[in-house]
Every structure is written in structure tokens, then in C-alpha cells.
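What you see below is based on every heavy atom in this structure, not just the backbone, and it leaves out hydrogens, waters and symmetry mates. Chain naming here is simple, since letters A, B, ... match the order of the sequence lines and numbering starts at 1 in each. As the structure is a prediction and not an experimental result, all values here were calculated from the model.
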Amino acid sequence: MASSNSPAGEDGSPRHRRARNDMLKMYYNMNQEDVGGLNSDPTDINGANFDPQIYLSKVMKEKRLNELIDKEAEMVKQIRSLDSDMQTLVYENYNKFISATDTIRKMKTDFRRMEEEMDRLATNMDSIADFSAKISCTLQERREQISRLSGTHSLLKKLQFLFELPARLKKCIEMRAYGQAVRYYVKTRGVLEQYQHMPSFSSIHRDCKGIVEELRTKLREKFSNKESSARELAECVDLLLQLKEPPDQLCDEFLSHASQKLDEDLEVMQSQIRLHQSPADDVVESDQVEADISPAERFLKNLPVDILEFVDSSCNGFLSDICLVISSYKDLFVHRQSIHTSDHNHESLEEVANNKLGEFVLVRMAQYFQCLEQRVQAEKNTVDNSMLVRALDRFYRRLEAVNNLLPRLNILQRGAEIVNKCATDRVEYYLDGLKKHFAECLTDIRQILCAPKIAGKQEATDLSELLATMQSSIVDQVRTVLTNLKAFITNDVTFSHTSFFPGRFCYDIVREELVIGFLKHVFQVALDLSEGSHDKSSPPAALILILSRLFLDFEANTVNQFVSQVNEQFQIDPAQVQTTAAALCAESKMVAQRMLNHYVKIQGLQISQMLRKSVETRDWLNTIEPRNVRAVMKRVVEDVTFIDSQVGMLYEEGIRKAHSSDSSKRTFQSYSGPRKHQSTARSFTPSTAYDTSLMSNIQKLFSERIEIFSSVEFSKVSVLTGIIKISLKTFLECVRLRTFGRYGLQQIQVDTQYLNLYLWRFVIDEKIVHVMLDEIVGSTVHRCLEPVLMEASIVDVICERS
Amino acid sequence: SRALTSLAAESDTIEFLVGTQSLKSDNQVHLLQFDEDNNSLNKKVFRHREGEIWQLTTSPGDRQIFASTYSKIVDNKTQFYATVWKLPEAEDDSANEPEIQGEDEHSTQAKTLEPLCQLEDRGFGSVVSVLWEPQSDGSRVISLTETHILLWDLNVSDTEAKLANSVALEAKGHPKFTAGRWNPHHNNTQIATANDTMIRGWDVRSMKEAYKIENAHNQLVRDLDFNPNKQYYLASCGDDCKVKFWDIRNPSAAVLSLSDHSHWVWSVRYNQFHDQLVLTSSSDSRVILTNTSSISSEPCGQLDDEKDSIDGEREVNSDDEDELDDLNDRNKEPLKEGVLATYEEHEDSVYAGEWSTADPWLFASLSYDGRMVINRVPRAVKYKILL
């Protein structure tokens, strides 16, 4: 046990160490498996750490006897096979060794022979070198001569070329091979200039110069020829530049030439504009000018084109030309300078060239824009919006191209301005249209209102129908306009995506200016109608009434409808707008109220006027005993009935205070009769004045103060009450200014009774009529020299008879 | 009653003349003295037997002299006359009445008026009103009949009026004058009259029409008044419930138009000292005090030093001096434009409103039922104007 214990104890400590090592290895991230797999197991028979003792003891311990016997047999077998393997290996190695010795021996013999041949080659080479040295020595002299001769030959060739140069150049020019000529000249220029001092050369130089000068003029001619194409031009410029023409001058010339073409384009545009503005005049004028053009062509030419075509042609003509100019200019002057000239100041040259171009383009574009603006301006009043939008879109798109060529000129901004302005103009135009339409609506209604009066009042016009027509036509108009304007912000239009356009257009122009502007205008027109009524052409009362109803309806739906439509169609965020729909509604309601108040005022005053005239013109002291109700009163009742029907067409009945079940007559009698008699009775006593005033004061203390010109509600009875109040108050005031005789008083008595019979049904509270009529009679009694009232029954009879 | 005026020549005591209008009994002229210290009203009654008084005006030269326009029934027809009267010498036997409101009371002893002269105007139509030349000795009077302007030279000692000049209103449709006012500027050479909806200006020297404002109001123009401190400014009121202010150099449009009343406006009066205060009375039974400082001679509530001293003098005897100082700092912001106060004491139509000539903060108004109300400008307003 002890012996078996100790190895286990010894074994324990290395195992412990190994575990520590493993940890370290793990720490240093070493591959433990490789090492461990190879080394760990001392019982692995193939391993490097194989310990036969341990293995044996292990096998002895673990295996049973028969197993051990098997193992032993197996091991013996393995050992045997290993032995035989070793033997074969040794044998093979020996064989190889022998063959290797053979090969080496063979090589030795071969190399010896090769060495001999090499020696022979070396001697041969030496002799060759000797010979060659000898030959070169003999040929030395000749070669120098030849090389000198060939040099002279090339010089002579060059000279010949020089002498032939003028002729060649001429020929080139004749053949119009200007490029070739320039190439020749540029090649020789250096030489010629170098040897200028020699007479022969100088003459050639002179000749060449002359020819080149000619060439130059030719080129210039071509350059300034209108017909030459841009490509040719570019070539010319290229050549001229090679001829060392001053580039800035060339720039100028190039630009001036380009400007001719552009001017032509502009001219065409302008003539178009003129045509558009005054087609008739221009036909005559151009007839004289362009007499050589065939009539059909002339006709075509004189036919004003529409805006789309105009923009199209202008784009194709002017804008593409200017694009071409810009790009070729850039190619010729700007880029070229940076490539070719390695001049010290080429940057400044480029800058100069660029500036020139910029200036040039700006001027032309300004003209162009002016033209276009004029044209677009002329388009202000067309009905067709989509065409204009398309034209603008095309214009803007083309302009973008130009802008891309010259980004620093901000051409696009100007274009954007034009688009904006055009849009604003359109909106203004539409606004104008709307305003006109509204005015027309008003005029129509006026005419319709006036017409039946002339025709003899066969039937009262249906106001509600008029109102409905007007309202729907206004709504329609606004809707059409909005739909038209929507073209400006459809998706396929380029500028609707830009930053400058949609925001301003939708919020400020369309919403604020157009819709809200229109509404405000309508309000203003209405208010003007009601304020400026002292004009000769004061509007008919029915119109005021219709307008008042119209604005009430506006407040209820139309305003909201407009605003929401705009918001929806133009993607407006209601939170960011200046004027809210609620404010507009409020304004609308305010206007409606004022219109209605005004209506009440007008009608009231009309009736008042009648009453006033009737009271003022009569001699109340000397009037005869009343037999009849005065015609004026009948007229008043008629008018009130008419107004009632008029208002009834547009406004609801409204709330009325409960009537007493008594008939009107009874009410009047019971209310005023006794008091009147009382006051009449007292009026004979000296203290009458005091008493009556006290009476009326006390009575007034208990009755509410009657507001005469007060605001009315939007209902029929309220309107009618307002009118009647105004009329009766006037009656009262007029009566107070007169002095009455006995019969005058009685006449008033009859009249008021008549009014009382008819007017109560129109008002909110019949008491108002009673109170006011009582007051009239009371005042008349007060102003009467001989206050004797008529018997109530007689009054009734007279009233009923009328 | 319709006739109310303050005594133009009186500057020490607050006095008003009121004329009654009654068909049945004798009419009277009441001289009302308001005693501020006791808040009491003294009344002297004078008989005016001639007829119903429609208008009273007082001479600017003599506090005892006034003119009345009255109607009398002659031959069953109402005729209008104008007469210049003299109040009898004052006696101190009037009974004090504690009430502000001056109701008719017959117990007071009535004295008879001394007629000085009648402005004979047969042939010129019914008299509408009498205008005294402002700020003069009261020797020149204009009587306005329905169709004529008559200028009289009045000689008090001779008790006789001589017709100096006259002009007839000639236009289509036989217009009638409804009101007139003497312009206190330009040496009193101009008057303004109203007929129907039109205001006309006249040059008194040549008796020619100087200017006219057509369609000044939509309805009848009831009254006119000139701004006492700012020349060319004229206020008018009428049946269209509006009070309008005009610069007579530009008759095409009103400078300002107010429509605070709900019925005809019967009178408009500038405060003689602070012309931003305008008093209007209307048949809606209201008296409205309006601030129009933007078109007054004291825009933005700034005062002339001159006027300040005048008013300061008047305010010395009041017991408000302490409060004045307190308010000095507080109410610096200018007075708001528009209606300052609405007085609703009247139960019937108010036909006349007048400022007192003695106290710039006091005014009286008279309604149809004979009630006269004396009111003051609200204190806050007063301080704001003064400070």
C-alpha cells in the first residue's frame, strides 16, 4: 500500500503543477489542446511522454487476464510488423545512395570536356575583337562626313520648307484648310522670329506674316459671318487663339457675334409680343417691311402664337443659343486657358473671361426676361391657365439648364421671380374676375329687382331664388378659380417643388390674397353699399336684404367651405395661417348684422319719410272732421306688408311674445282707451300739463325703454319690429312739432287706431306698438288746442270702413 | 319744453334760461341759478305771454337781454315770431329748491318780461332761430327764417332793430332752414345754416353763399356748432342718428362721424373751453358726452398753458386740490376717444343740451316732459384733461 501510495503522492504534485501551468497558458491564451493532447497522457503508447512503467502498471491493473493475453499477442504482432517496415526502409535508402554515386561519377567526365570547348571559344572571341577594332579604325573618318552631310540635308529640307511656306500657306488658304495653315505657321513661327535679322528670312517672315494676316482676316470674316455654325466658330476661335490673337478681344468679338444671334432671337420674340399686343397694326407695318416674303409665310409670321408656343420657341431659340454660347465660350476661353496657357496670369485671364461672360449673359438674360415678362404679362387675362403653367414650367426647366452652366449668376432666381410674379398676376386677375363677377351679380340682382317695378309689379320677385343663384354662382366661381390655380402646384410642374414657390404661393397668394382677399372685398363692397347710401344710386333695400342673408349663409357654411377647400387643395396647414376661418365667419356675421340693420334703417326711414311729410304738410289746425283713415296710413300698412313678405322670403319667422287672446282692437282699447279719456277729461283743468306728463312718466317708469335704432336679430319679426319702431317714433316726433285743432287730433286718433289694427301682427311684442301709438295720441293731445277725443266706437267704424 | 340756453354774458354764476312750451297756459321763461356750494337751484320765473317758446338765445353783451323764438296762433294759424327781451332787475326773493331737477312750480312769483323789440319779419316766413354775434356787445343779431337770413343792427337804447341785410335761400324744392350757427372765428364774418340734408356757409358781409356741404346727413340736419378753439371745424347732427364733424375747407367728407345715439340727434354742443368734449342730446332720451380729442385743438390730451390757467383759476375754490395731486401721477395716459358718459335720467326725448358758460365742467339738458337735468363731466375725465 505504501509503495502504491507514494507514486500517487508524487503523481499528485506534478498534476497540480500542470493545472497551474494550464491556468497560466489559459491566461496567455495559448493553445492548450495541442500541447496537452501530445504530452498529457503517459499511457499513450504513441505519445512522446510514453512511460512503459506506468503503461504496464495501468494495463496490469485495468485489464483482465484474457484481455492481457490478447493485448500481449496484439503487441507482439505490432512489433513484428514494425520490424519488417524498418528493414524495407533501410534497403531502399541504400539503393538510392548507390545510384547517386553513379550519377556524380558520370557528371565529372562530362564537365571535363566542356571546359576544353570553353577555352577554345575564348581564343576565338579575342581574335574577333581584334578584327573589329581594326575595321572601326579604318571607317572612322567616313562616318563623320556622312553625319555632317545628313545634318546639312535636314537643315536644307527645313529651309526649303521655310522658303516654300508662303506658297504652302497660300495654297492651304485657297483650299480652305485653315487648320493646316495655322499648324504650319505656328511650327515655323519660332524659327522665323529667331532669324529675323537675316534678310532672306525676314522676307519670308514678312511674306508669311502677310499671308497669316490674310488668314486672320479670313478667319475673322468667317468668325463674324452670321451663317457660320457654332462648331465653325469654335474652330475659328481656336485657330485665332493659336495665332496669338489677344484672348479678351476675341472674347469680346465672340460675344458680340453671339449677341447678334441672340438679339435676333430677342427681336423675334419682341415682334411676337408686339404682334400679340396689337395684331392689326403690326400686320400693316410688317407688310411694308417684309414685302419679299410670300403671303402665306407672312401670314404665319404675323399670326400671334400662344404663350406655350412662344415660350417653346423662345426656349429653343434664345435659351438653347445662349446655352450653346455659354458652353462653347467656356470650352474656348475658360477651360482652354487653363489647359494650354501655362502663363503666369492665366488665372486672371480666366477670371476676366468669366466676368465677361457673366456680364454678357446677364445683359442678355435681362433682355430675355424682360421680353418674357412682357409676354407673360400679356397673358395675364387669358382664361386658359394650364397652358400658361405649362409654358412657365418649360421656361423654368430650360432656365435651370442655363443656371447649371453658370451657377454663380443666379439666373434661376430671376426666373423664379418671373414665375412668382406671373402666379401673383394670375391670382390678381382671378381676384379681379371674382370681384367683377360679384359686381355683376349685384347688378343683375339690381336689374331684376328694378324690372318688375317697371313692368307693373305683377308678382314680387322671389328673393330667395335670387339669393340661391347668387350664392351658388359665387361658390362656383371660387371653386373654378381654385381648380385653375391648382395647376400651378401640380406635381409634374418643376417649380412647384422648389423652395421659393409653393409656400408663398399657397399661403400668401392663393389663400390670403385670393380667397380671403375676395371675401374681404365682398364684405367691403357690402359695407360700402350700406354706408354710402346717400349717393344718388343708393341700392334697393331688397338687395341689402339679400346681401345680409348671403353673409349670414356665408358665416354658416360658405366661408368654412372656401377655407377648407383652399387648405385641402393647396396643402395648407391651418395652424400656420394668418387669418383664421373663425375670424372670417365672425366678420361675415358682423357684416350680415350691419346689412340687416341697414335694411331696417332704410325701410324704416322710407316709411318715416312718408309719415313725416304727411304730418308736416298738413294744416292740422284747420282740418275737417275725420271721415276716413288718411291714405298715408294705408300706404304704410301696405308697405309694411310688402316688407313683411320680402323679409319672409329670406328669414325665418322668429320668436314672438305670446299674444293675448284678445283681438288687436280690444287690446288697444283696454290698454289705452281709459287712460286717454282720463287725460282728455283732465285736460280741461289748468293742471293738465303737469298731470299728463306725470302720468306718462309713471307709465314710462314701468315700461321698458324702447330702443329705436337698435340692432335686430336675424328673424322676420325682429326686422319688422325694428322698422315699425322707427316709423312710429318718427310719427311721434313729428306730431310734437305741430299744433293741432280738435279735428286734427281726431284724425290722428283714427290713424293710430288704424295702425294699431294692422301693425300688431308684424312685431315681436304687440305692446310696443300699443305703447308707441299711445304716446303719439298722448303727445297730440298735449299739442292740441282743443283736445276733444272722438268716440272710440266711431273711430272703430271709420277704421273698419277703410 | 324745448328751449334751453345758458347766459352767454354771464361768467360768474351758473345760470340757465329755460322756456316752456304749452298751448293751454301762459308760457314762462325760467332763469335757473345753480349754486354749486350748496348743490341747490334757484329759480326765477318770468311770464312770456306771447306764445310757446321754441328757442332762446342770450346776448353775449348783456346778461339781461335775450331773444326768444315763439309761436302764436293767429287766425287759426301757427305763426312764428322772434322778440328781444330784457329780464327785469334781479331780486333776491326766489325760493331755494333742494332738487336739481327744475320742475314747473307755479307757486313762485312770476314777473313780466320787458320786450325790447320785435324782429319784424313779415314777408320773410316763420322764424326758426335767432343768432347773436358771438363775443361781441350783442348789437348784431341774425334771425333765421325758413327762407331768409336777416341781419339786424340792434340798438338797445333805442329799443329798435334795424334790418341791415338779408338774403333769401333760393334753391329747388323750396328748402327751409332748420338751424344756424354763427362762426366765432374770422371776426364773426361767417355763419353756417342747415336746410334739409345740406349745410351751407354764408359770408355775413356780402351775404353770399361761401360753401356748402351737400348731403351732410342722410336725413334732416337738426343742429350745428362751431369748434370754439379750432377754426374751420364744425359739428352737425341730424335725423340719421349721427353726429358728424367737418373741416369746412373740405366739404366732401366728414372728418369724423359718430353714431352713438339710437334716434334723432337734436343738439350738438362743443364745450367752450375744452373742445374735445362734445355734448349731444337725442330723442332716444339720452345725453351723451363724447371725447373727440383727435380732432380737437388739444390732440393727445395736451393743454395750452393759456387755458390751463383759466381753468386752474376756476378750480381753486373747489376742494379737490388734494386729489388733484394724487391723480397727477396716475392718469397720465391720454383720454380714450369716443363716448365718455351716457346720461339716461330723461324719460322723454331730449331736445336741448347746453354747457354752462361759467363752469366748463357743467351742463344742462332739457327733455320734452320739461325735466331739466344738470350734470357734471365725470371727475376722472376732468382730471385727465386737466393734468
Nearest heavy-atom neighbours spanning [X] and [Y]:
X         : Y         : value
Asp240(B) : Lys601(A) : O-NZ, 4.0 Å
Lys729(A) : Ser283(B) : NZ-O, 2.9 Å
Trp54(B)  : Arg783(A) : CZ2-NH2, 3.7 Å

To the closest 0.5 Å, what do you measure between [atom1] ([X]) and [atom2] ([Y])?
X         : Y         : atom1 : atom2 : result
Leu737(A) : Ser71(B)  : CG    : OG    : 10.5 Å
His782(A) : Tyr368(B) : NE2   : OH    : 4.5 Å
Leu220(B) : Glu616(A) : CG    : CD    : 7.5 Å
Asp239(B) : Thr730(A) : CG    : OG1   : 7.5 Å

Measure distances from Ser779(A) to the heavy atoms of chain B and classify the residue's part below 4.5 Å as side chain, backbone, both or neither.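 For Ser779(A), the contact with chain B is made by backbone and side chain together.
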
Residues in side chain to side chain donor-acceptor pair (under 3.5 Å) contact with Thr780(A), at least two apart in sequence or another chain: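 By the side chain to side chain donor-acceptor pair (under 3.5 Å) rule, Thr780(A) matches no residue at all.
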
Mind running side chain to side chain contact (heavy atoms under 4.5 Å, CB included) on Leu732(A) and His263(B) for me, showing each step along the way? CA-CA 12 Å; Leu732(A) 173 67; His263(B) 202 247; over 6 Å; no

Step by step, work out the side chain to side chain contact (heavy atoms under 4.5 Å, CB included) result for Gln219(B) and Ser608(A). CA-CA 11 Å; Gln219(B) 308 271 310; Ser608(A) 308; 5.7 Å; no

With sequence neighbours left out, what residues match Asp247(B) under salt bridge (Lys or Arg N to Asp or Glu O under 4.0 Å)?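 Salt bridge (Lys or Arg N to Asp or Glu O under 4.0 Å) check on Asp247(B) returns Arg249(B).
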
